[in-house]
Amino acid sequence: SIPLQHGAHRSGNRTDADMARWRSLRFGQFVHWGLYAIAGGEWNGKIYNGAAEWIRSWKEMPTAVYDQLYKQFNPVNYHPEQWAQQAKDMGAGYMIITTKHHDGFCLWPSKYTRYTVAASPYKKDIIGPMVEAYNKKGIDVYLYFSIIDWNHPDWRTSLKTPADSAAYKRFKVFVKNQLTELLVKYPTVKGFWFDGTWDDSWKNDGAFSDELEQYLQKLHPGLIIGSRLRADERGARHFDSNNHLMGDYEQGWERKLPEQPADVHGNDWEGVMTIPENQWGYHAHWLGHIKSSNELIEMLVKSTSLGGNFVLNFGPKADGTFRSEEVQRMQEIGNWMKVNGSAVYGASEAGLGKPDWGYYTRRGDSVFMVVFNVPVSGNLRVKLPAKTTLAEASASGQPVTPELIGKNEYFIPVGNAPRHAPFVILLQTSRAA
Ligand SMILES: C[C@@H]1N[C@@H](C#Cc2ccccc2)[C@H](O)[C@@H]1O
C-alpha cells in the first residue's frame, strides 16, 4: 500500500455512541435555503434550467444582480417551530441545514464576513432558532457548509500564482474561523455536512483538510463528518489512495443510491435525494419527474436494507414557507412511517439478499419484509439461512401463517394486505447458537 500521512486514519466504521445514534436514525431532512430562493430559478422572465441554488452561475443572470439579492431577504413567514414539527411528523430523526451554500451568504450573523443575514432586512439569526426548534422536537441538527464561497475575495478554484496561494491561505483561515464560530454558537449540533470540495485549490491541500477535521473533532468530540471534506496528499477524495474511506461515512451518494451491498463495502453511508430531478434550493418551475411519496419511501427502505441513511431534501420559498408538493410528501411519508417506521429506525441490512417483492431489513432477531411488489400468486417467497428458524409472522400486529415449502423456505400469504401502498410483514426469527 502507498504510505500516506493524510489518508484514512481508521479502518472500519466508528463504534461510538454518537455514530450509533446517527446510524439508528436512518431518515433525515435536508433543507436548502438561501438567497437563491428569492430568484426561485428564474430571472428577467427567463427560466433557469439548472439547479436553483446554482443560478448565480447562469450567464443570463448578472452576478452583480444576484449579489444584491440579500437586500430582499426577509422571510416574514419563517417559523422554525413549524418547520421542526412538520419534520417530526414526517419521521425525520435528523436535519441538515445549509448555513452557507456556494454563494457565500451566511444564514447566521458571522463576524468574519458582512455577507450575512445581519446585513439583510431580516437582520436576525436564522440558524440559532432553527437548531433550538428542531432539538426541542428531539431532532438532531447537522450543519451543511460549502467550502466553495463565490462571495469571498480570497476563494480560488485553483492556485496559479503566488498571489493566488497567499489569498487562498487567508481563505483557509476564514474557513476555520467560521467553522469554529458555528460550533461555539450552536454547540448542540452533531456534525458538519461539507460540500464544494472538488476544486483543485482544496483537493491539492490534503494536509489542511486532514488537520481541519482533527481540529474540529478535538473542539467538538464526537462530531460526525462525512467523506466529502477531505482529500489525501495525492488529491484522492472520499477514498484515499489505498481505497480506504476517509471521514465517518461515505457521503458520495447524491441523487443516487447503491444497488447492492458490494457497492458500499460494509461502510456507513448516507444518500441525499431531491424530490424533483435536480433541485435543492427553491425553484418556481419543477421540470421533469417529481418523485411520489411511494417512490421516496422505497428509496428510504432500500437505503435501510443496504445499511445506510436516507436524507430527503426540501427547498423552502424565500418567505419561509414550503411549497405544497413538499408539504404533501412530508405528510404522506410521515403517515407511512407512523405505522411502519419500526422497519427503518434502528434497522439495517438483513443479509437475506434482495427478494423480488421488495426489501428485507433487520433489527436483532426481527426481520422486516417491506413489500412493494405483490406477486400474482399472492405468496411472498422467503428463504432463511440454515441456522435461522421462523418463530412467528405478523402483519400490522395480526398473525400470518407461513407455509413451509422447502428447507427453511416459506410462502408468506399477503392475504388482504393493501395493494396501494407498501406494507410490512414482521418475521420473528431465532438463530441457533
Ligand atoms: C448537496 C448538493 N450538492 C451541490 C452540488 C453540486 C454539483 C456541482 C457540480 C456538478 C454536480 C453537482 C448542490 O447544489 C447541493 O447543495
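Note that ligands are numbered from 1 as they come in the structure, with each ligand's atoms numbered from 1 the same way. In this text the structure is predicted, and so the values were computed from the model without any measurement. Along the sequence shown, residues carry numbers from 1.
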When distances are taken from atom 15 (C) of ligand 1, the protein heavy atom at minimum range is His32 NE2, 3.4 Å

Any idea which atoms of ligand 1 are less than 4.0 Å away from a heavy-atom of Asp195?
1 (C), 2 (C), 3 (N), 4 (C), 15 (C), 16 (O)

Over 60° means perpendicular and under 30° means parallel, so classify the ring planes of Tyr144 and His102, tilted if in between.
tilted

Identify, for atom 13 (C) of ligand 1, the protein heavy atom at the shortest distance, and state residue, atom and that distance.
Glu53 OE2, 3.4 Å

Would you mind checking which non-hydrogen protein atom is closest to atom 5 (C) of ligand 1, with the distance to 0.1 Å?
Glu254 OE2, 3.6 Å

State whether Arg381 and Asp356 are salt-bridged, where the test is any N-O pair (Lys NZ or Arg NE/NH1/NH2 against Asp/Glu carboxylate O) under 4.0 Å.
no

Pull out every atom of ligand 1 sitting under 4.0 Å from any heavy atom of Trp198, numbered as shown with elements.
6 (C), 8 (C)

Compute the ring centroids of Phe30 and Trp280, then answer whether they are less than 6.0 Å apart.
yes

Taking atom types as modelled and ignoring hydrogens, do the side chains of Glu181 and Ser110 form a donor-acceptor contact shorter than 3.5 angstrom?
yes

Does the protein place a non-hydrogen atom closer than 4.0 angstrom to atom 2 (C) of ligand 1?
yes

Shortest protein heavy-atom distance from atom 8 (C) of ligand 1, along with the residue and atom involved:
Trp54 CZ2, 3.3 Å

Taking the six-membered ring of Tyr215, is the NZ or CZ of Lys176 close enough (under 6.0 Å from the centre) and on axis enough (within 45°)?
yes

Is the ring pair Trp357/Tyr360 parallel, tilted or perpendicular, if the boundaries are 30 and 60 degrees?
perpendicular

